[in-house]
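Computed from a predicted structure; not experimentally measured. As a basis for the values below, the full set of heavy atoms in this structure was taken, side chains included, without hydrogen atoms, waters or symmetry mates.
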Amino acid sequence: MKKTILLLLFAIFNTAFSQSGKVYLKNNKFNVGKPNTYIYEPPQGLVIEDNAKANVLYATPDDFSNDLVSLKKNGKRYEFTTKVSDSARVLMVTINDLHKIADSNKDQGYSVLLKTQNDIELGKSLMNQIFMRNYGNHFLNLKLDTKKENVIAAYDALFAKYPKLREDKDAVNYLYLKKSLNAEQGQKDLNAFASKCIEKNTEEYLTLAYNISQGSNKPEETEKLGKEISARYPTGKLEQLFFMRSFYDQPNKTEASIMESMNTFKTKFKDASPESLRTFYRALLTVYLENGQYEKAIALEPHLKNASDLYNDFAWGKSGGDLTTPVKDLDFVVKVSERAMYLLEQRNKESYYPAYKESFNMFADTYALLLYKQGKYGEAFKYQSGVKENNGLDSGGKDRYLTMMDKVKSKDEVKAYIDDEISKGNTSSVFLAKLKEIYIEKKLPLAEFNAIEQKTDAKAKENKSKDLIERFGSTNAIDFTLKNLDGKETKLSDYKGKVVVLDFWATWCGPCKASFPKMQNLVTKYKGKDVAFLFVNTWENGKEEDIFKKVSSYIADKKFDFNVVFDSKTEVVTSYKVNGIPTRVVIDKNGTILAYDYSNTDIAAIIDEQLK
């Protein structure tokens, strides 16, 4: 066992120091709170373009940043200067030019350990390096090993070398990782760790104990601890968190109320850092966009990270998510979506952007849908085709692509696309309806179409059943009993004989709330029919009575006709293996799961099929 641990530890150091090129601090010392200059030595024979930049990432449990920094040539070496948060311990770096990642250090990135002045600091920096693996893969397009078992093994190897790290606050990430593999034992380990944090009796560790306690299903103990910490540290980190939660929960925010909250925050906590104030600027952006104040929204961009994402979130939320739902203030929403596309393209022109393709697929899908609703079918198809070229079309996106294609291409081309998708095992009710229409219009033999329909239906059901069994172990819906807004118990099995849609959501979830107008349309459409919608509120913070009041107020203010049930102990969201919200699950009249998705695009089609 000792030999295995030593080998694993060697692998950790390899990641940090065995690099074909080099990135290191110019003066071999990290100056906290100041800009630092770094040296980049390219691998021998690698040509670096004049416009290349360093893509610099740091991440801690409380903060992260990802920025492009200009390179300055100095002989055979390059230099770049950047200032990072005082909490940063490790920089991960790639070198990007306009068109590609020029040097990713063989997909591992260059790691610079910033704090190494003694064994304790070195150990903490190495632990942060393990923590950053997912960030490196996502933001720098690296291929670091993030398999849970292997990451845990890397932590274990590090703890064998530095045993005291097990008691460090950042070791909590290791414990949460272990909990994801064994929930019961993992929570016990976390609770024990929280007890040790309380014994340390500092603001930092007490706050960590509070955060851990929120997952222990002991709201009274959690609330008591939170009050004790707030009383002891009235301007501390936890009180800041409470302030932000209270701000987020404020209904009907206005420009004036947001500015008042921001000024109160700056005064009370003496914190005017860009990172802290972004929450307020994001809220302002939402208000400006909702009010159609485009120029005011544009003026906020310097205060925001990735304003393009926020624009696209707004535009998609207003789009209806399908080709038929009307869009209020369509021209304005198109303008916002266009701005998202513009900012994305500008970001990509500045230097190669690893997340460009993924962002383009999301933004272009939104923009194409809105252009279609403007009647600009050619432009819409162009952007949707771009998503297709990137292999970015989900099932709903393929349906939209087909519908747009039908507006600008010949029937033969449309049929060829449908035939090609069906040959790959991809189909939908939209595809089959269009194919049948073509068969009738071109007087092709309907017997041939019927055979295709039967074959594709059977294959689709087989694939869907296989996917559901892989996720749940069975296609049988898991029964549960939860209380609704009236305080009455609601049991899933009581709805046998009806099609049931479960919608997992939370009041803090922007995409959840953005989808609710569309969901209300579905609730209204199927009212009085054998269909039931259960809006499962989950993953909330606070006491049950406070959550109930917050949810009740929100539903009443928005005038939604929703049957909300409360998953206060997060048992249902866990049993349905939900790892992100909003998530919807569609169940047939016999209690069989039909669909599990993060989109409501095809819900109506699924329900209609069951009601035939």
[X] side chain to [Y] main-chain N or O, any donor-acceptor pair under 3.5 Å?
| X | Y | value |
| --- | --- | --- |
| Ser410 | Glu413 | yes |
| Lys148 | Lys178 | no |
| Asn484 | Asp486 | yes |
| Tyr248 | Trp508 | yes |
| Asp567 | Glu571 | yes |
| Glu421 | Thr427 | no |
| Thr574 | Thr570 | yes |
| Asn55 | Leu57 | no |
| Lys518 | Ser319 | no |
| Gln384 | Gly397 | yes |

To the nearest 0.5 Å, what is the distance between [atom1] ([X]) and [atom2] ([Y])?
| X | Y | atom1 | atom2 | value |
| --- | --- | --- | --- | --- |
| Leu522 | Met519 | CG | CE | 5.5 Å |
| Leu370 | Lys376 | CG | NZ | 11.0 Å |
| Asn426 | Lys398 | CG | NZ | 3.5 Å |
| Asp419 | Ile452 | CG | CD1 | 6.0 Å |
| Asn348 | Lys357 | CG | NZ | 11.5 Å |
| Asn105 | Leu142 | CG | CG | 9.0 Å |

Any chance [atom1] of [X] has more than 12 other-residue heavy atoms, nucleotides or ligands included, within less than 6.0 Å?
| X | atom1 | value |
| --- | --- | --- |
| Lys143 | NZ | no |
| Lys305 | NZ | yes |
| Lys513 | NZ | yes |
| Lys550 | NZ | yes |
| Glu184 | CD | no |
| Lys589 | NZ | yes |

Exercise for the section: Decide side-chain contact (heavy atoms from CB on, under 4.5 Å) for Lys527 and Asp561; before the verdict, give the C-alpha distance in whole Å, the side-chain angles of both, and the deciding distance to 0.1 Å. Expected result: CA-CA 10 Å; Lys527 200 172 186 70; Asp561 182 21; 2.8 Å; yes

Minimum heavy-atom distance [X]-[Y], with the two atoms named:
| X | Y | answer |
| --- | --- | --- |
| Val499 | Gln610 | CG2-CB, 3.6 Å |
| Thr94 | Ser104 | CG2-CA, 4.1 Å |
| Phe562 | Leu485 | O-CD1, 4.3 Å |
| Met132 | Ala59 | CG-O, 3.6 Å |
| Leu482 | Val572 | CD1-CG2, 3.8 Å |
| Gly497 | Asp530 | O-CB, 4.0 Å |

For [X] and [Y], test the side chains for any donor-to-acceptor distance below 3.5 angstrom and give the result as yes or no.
| X | Y | value |
| --- | --- | --- |
| Glu290 | Thr286 | no |
| Ser493 | Asp479 | yes |
| Tyr526 | Asp608 | yes |
| Glu345 | Tyr356 | yes |

N-O pairing of [X] and [Y] below 4.0 Å:
| X | Y | answer |
| --- | --- | --- |
| Asp329 | Lys318 | no |
| Glu437 | Lys434 | yes |
| Asp503 | Arg584 | yes |

Side-chain donor-acceptor contacts of residues 332-342 below 3.5 Å, not counting sequence neighbours, with atom names and distances?
{"residue": "Arg339", "atom": "NE", "partner": "Glu301", "partner atom": "OE2", "Å": "2.9"}
{"residue": "Arg339", "atom": "NH2", "partner": "Glu301", "partner atom": "OE1", "Å": "2.8"}
{"residue": "Arg339", "atom": "NH2", "partner": "Glu301", "partner atom": "OE2", "Å": "3.3"}

Practice task
Using the side-chain contact (heavy atoms from CB on, under 4.5 Å) rule, pick out the option among Leu323, Val387, Val430 that qualifies with Arg400.
Solution key: Leu323

Considering only heavy atoms from C-beta outward, does the side chain of [X] approach that of [Y] to under 4.5 Å?
| X | Y | result |
| --- | --- | --- |
| Leu371 | Met404 | no |
| Tyr353 | Ser359 | yes |
| Leu502 | Leu492 | yes |
| Arg282 | Arg278 | yes |
| Tyr554 | Val564 | no |

Using the six-membered ring wherever Trp is involved, compare the ring planes of [X] and [Y] and label them parallel, tilted or perpendicular (cut-offs 30° and 60°).
| X | Y | result |
| --- | --- | --- |
| Phe64 | Phe139 | tilted |
| Phe516 | Phe560 | perpendicular |
| Tyr135 | Phe131 | tilted |
| Tyr367 | Tyr383 | perpendicular |

Exercise for the section: Report yes or no: is the cationic atom of Lys577 (NZ for Lys, CZ for Arg) under 6.0 Å from the centre of the six-membered ring of Tyr596, at an angle within 45° of the ring normal? Expected result: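 No, Lys577 and Tyr596 do not form such a contact.
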
Problem - Distance under 6.0 Å and angle within 45° of ring axis: Lys53 vs Tyr352 - result: no

Handout entry: Worked check of side-chain contact (heavy atoms from CB on, under 4.5 Å) between Leu310 and Leu289
Key = CA-CA 10 Å; Leu310 302 176; Leu289 293 177; 6.0 Å; no

Exercise for the section: For the pair Phe480 and Ser575, evaluate side-chain contact (heavy atoms from CB on, under 4.5 Å) and give the outcome as yes or no after the intermediate values. Expected result: CA-CA 10 Å; Phe480 58 79; Ser575 65; over 6 Å; no

Exercise for the section: Check step by step if side-chain contact (heavy atoms from CB on, under 4.5 Å) holds for Ile298 and Tyr311. Expected result: CA-CA 10 Å; Ile298 297 291; Tyr311 289 140; 3.8 Å; yes

Handout entry: Phe381/Tyr401 under ring pair (Phe, Tyr, Trp, His ring centres under 6.0 Å): CA gap, chis, key distance, verdict
Key = CA-CA 7 Å; Phe381 183 66; Tyr401 176 85; 5.1 Å; yes

Exercise for the section: Verify ring pair (Phe, Tyr, Trp, His ring centres under 6.0 Å) between Tyr417 and Phe431, making sure each step is shown before the conclusion. Expected result: CA-CA 10 Å; Tyr417 170 65; Phe431 272 57; 5.7 Å; yes

Exercise for the section: With sequence neighbours left out, write down each residue that passes salt bridge (charged side-chain N to carboxylate O under 4.0 Å, His left out) with Asp97, or none if nothing qualifies. Expected result: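 For Asp97, the residues satisfying salt bridge (charged side-chain N to carboxylate O under 4.0 Å, His left out) (neighbours in sequence not counted) are Lys100.
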
